[in-house]
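Single-structure report; data block below.
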Amino acid sequence: MCGIVGFAFRDSFEIKDSVKALKRLEYRGYDSFGYADNNGVVGKHVGEIAIDKVPALNTKIAITHTRWSTHGGVTEMNAHPHTDCSGKIAIVHNGIISNYREIREEMEKAGHAFKSQTDSEAIAHFFENKNIKDAAPEFFSKFQGEFAVLLVKKAEEKIYAFKRGSPLVLGIAPEGNILASDIYAFSDRTNRAVFFNEDEFAEITSEGFTFYSITDTTIPIEKEITVFSWKEGEELGEYPHYMIKEIKEIPRAASRLLLSLGGEQKPAVEKVVRMLKDAKRVIFVASGSSYHAALIGVQFLARAGMEARAVVASEFRSFMLLDENTVAVAVSQSGETMDVIEAMRGIKAKGVKIASLVNVPYSTVQRMSNAHLNIGAGQEVCVAATKTFINQVITMAYMASMLGYRADFASLNDCITKALLQEERIKEIAAELKDERDIYILGRGVCYPVAREIALKLKEIAYVHAEGMMAGELKHGTLALIEKGTPVICLMPKNDKDIVSSAEEVKARGAKVISFTSNGYDSEEGVKINATDAATFAIASAIVGQILTYYIAMGKGLPIDKPRNLAKSVTVK
Ligand code: M6R
């Protein structure tokens, strides 16, 4: 993870300004931050980005970094930028150098003094006393793993940029050039960008940029300028947290998506659907909430008579069934999840076509795909996927509907609005559950992935140990954990009789059953879900689970938008 930003401007600016741009990437990591310029200034701080900690200094060249630690604890010393022994070179790095131990050992033997426990510091020492451009090819061959690196050298009016694996993009702004992990760092200043491809190296000044492929650093390569459009995330406004703001945006995001799938995205939808139709095997690949959306997609496609599977991206390596009759569908909000990208690399290497569902346009996943759909939820700031998960599910239902699945899109907005109107009832339940250590969520069919999704929300945001289960599996073991007062949320759509038996089974053993219900079961103990079919039930109950999580976390006074140890965009393996 981690976010990096570099400014090369014609006129001098305050270092604080570049740190403000970095703040826009804070969802990529927030345990420490730092900055350096080409005058030898280096500052590092533990904790979230605090602009007031940055000194009032001016410069024309600066690099900055917000960290999600991988190697070395959260300390000031381990925060980036890292410098070489002479202090003339400063670097920021996003990614992981997998062979850093060997490199560090070799450099220490050669007399370099390391100050941190990170994998990144070796990069600064490697370039010590070297001409950066001349040494770039050796850097790419010596350093293994993933990296997006920005480097400044004292007294040089440029930033050197290196990209392998981790995302890196150049923004062409009126003030000069901006390097960043993603477009959001500069989308308030410019909509013109140049995306780095793998194994590219660039020299960036305030006046221009020169890119090289690492196979030949003597001849610059042509780069295309992309003009992008990206809806800015609005300010928090009246809301105390982005999580609740983003949940409340669901009706708008969902309607916008449906309009766009039937409108400007129609040709893309038709292309993706054709790919699915022509395939013998459909494999979804995703992580976290996106994986849960993919599991729901599998069920929708099954109802349309199409066999599909969902594989967790980090486990994809062991998935062998890929051939020319397979289509892979990558699902990722950020489009930068390293596990997904790694899986896609393997898939592409086998010549398999990839369609993708992404939220952040121009992301790596999108650019690696043969066809893509944009879930159009707008920027999501809170680490928890809320509106983006819902829009992923809607997109899945939409694709399946083009293949014969009947989803009640006409009632969707009404179901969503009614779920949001349950807020007061959900708050009461949240107050009852606030001190629970374990919560079980039971669902069947389409509700099973929803149960897992609610459990994931409860774990990451409310710090509750939660387990989302297939209701039918309960009696095969987990039932042993149910005792007097154990909270069990049951997802109860209208026509599911068996979930009623599961609820009765846990109740008989003393569980406190909370039903999210369309069938009237114990509705006074739970939350009524207004749903007309499986898709609308899945969506409405997921929203109720999101609101419940939010209020449990509120009750516990937790840092809702930035939960401990996590980052929104997981750009490391
Ligand atoms: O950006 P992606 O959709 O690829 O992210 C995948 C997961 O990291 C993400 O869904 C994560 O599980 C969320 N924080 C869940 O709320």
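Numbering starts at 1 and runs along the sequence shown. Counting starts at 1 for both ligands and their atoms, in listed order. Predicted model, so just to flag it, every value in this text is computed and none were measured.
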### Query
Is a side-chain donor or acceptor of Lys348 paired with a backbone partner of Met368 at a separation under 3.5 angstrom?
yes

#### Entry: Distance from atom 7 (C) of ligand 1 to nearest protein heavy atom, with residue and atom
Ser287 O, 3.8 Å

### Message
Using a plain distance cutoff, I'd like to know if Glu453 has any nitrogen or oxygen under 3.5 Å from a nitrogen or oxygen of ligand 1.
### Response
no

## Note on the structure
heavy-atom search around atom 11 (C) of ligand 1 in the protein gives Ser289 N, 4.2 Å

#### Entry: Within-cut-off N or O pair, Gly288 and ligand 1, under 3.5 Å
no

### Message
Ignoring hydrogens and geometry beyond distance, is a side-chain donor-acceptor pair present between Ser187 and Arg24 at under 3.5 Å?
### Response
yes

## Note on the structure
Atoms of ligand 1 under 4.0 Å from any heavy atom of Val383, numbered from 1 in the order shown, are 13 (C), 14 (N), 16 (O)

### Message
With respect to Ser290, determine whether any N or O atom, backbone or side chain, lies less than 3.5 Å from an N or O atom of ligand 1.
### Response
yes

### Query
So which bit of Glu336 gets within less than 4.0 Å of ligand 1, heavy atoms only: side chain, backbone, both or neither?
neither

### Message
Parallel, tilted or perpendicular: which one describes the rings of His65 and His80, with boundaries at 30° and 60°?
### Response
parallel

### Query
Is there a donor-acceptor contact under 3.5 Å from the side chain of Glu336 to the main chain of Thr364?
yes

### Task
Report the part of Leu456 (side chain from C-beta onward, or backbone N, CA, C, O) that has a heavy atom under 4.0 Å from ligand 1; answer both or neither where that applies.
side chain

### Query
What's the shortest distance from atom 16 (O) of ligand 1 to any protein heavy atom, and which residue and atom give it?
Glu460 OE2, 2.3 Å

### Query
Got a sec: does the NZ of Lys556 have more than 12 other heavy atoms crowding it under 6.0 Å?
yes

### Query
atom 1 (O) of ligand 1: which of Ala567, Ser334, Ala384 has the nearest heavy atom?
Ser334

### Query
What class does the angle between the rings of His241 and Tyr550 fall in, given that below 30° is parallel, 30 to 60° is tilted and above 60° is perpendicular?
perpendicular

### Query
In terms of ring plane angle, is the pair Phe409 and Tyr398 parallel, tilted or perpendicular, where the classes change at 30° and 60°?
tilted

### Residue of the set Gln333, Lys568, Lys387 for which side chain to side chain donor-acceptor pair (under 3.5 Å) holds with Glu380
Lys568

### Message
Starting from atom 8 (O) of ligand 1, what is the nearest protein heavy atom, named by residue and atom, and what distance separates them?
### Response
Val570 CG2, 3.8 Å

### Query
Considering only protein heavy atoms, which is closest to atom 2 (P) of ligand 1, and at what distance to one decimal place?
Thr337 OG1, 3.2 Å

### Task
Return yes or no for this condition: an N or O of Gln392 is under 3.5 Å from an N or O of ligand 1.
no

### Query
With a 3.5 Å cut-off and no angle check, do the side chains of Glu246 and Tyr239 form a donor-acceptor pair?
no

### Task
Could you list the atoms of ligand 1 found under 4.0 angstrom from a heavy atom of Ala385?
15 (C), 16 (O)

### Message
Under 4.0 Å from a heavy atom of Lys457: which atoms of ligand 1 are those, numbered in the order shown and with their elements?
### Response
15 (C), 16 (O)

#### Entry: Short side-chain donor-acceptor distance under 3.5 Å, Lys23 and Thr66
no

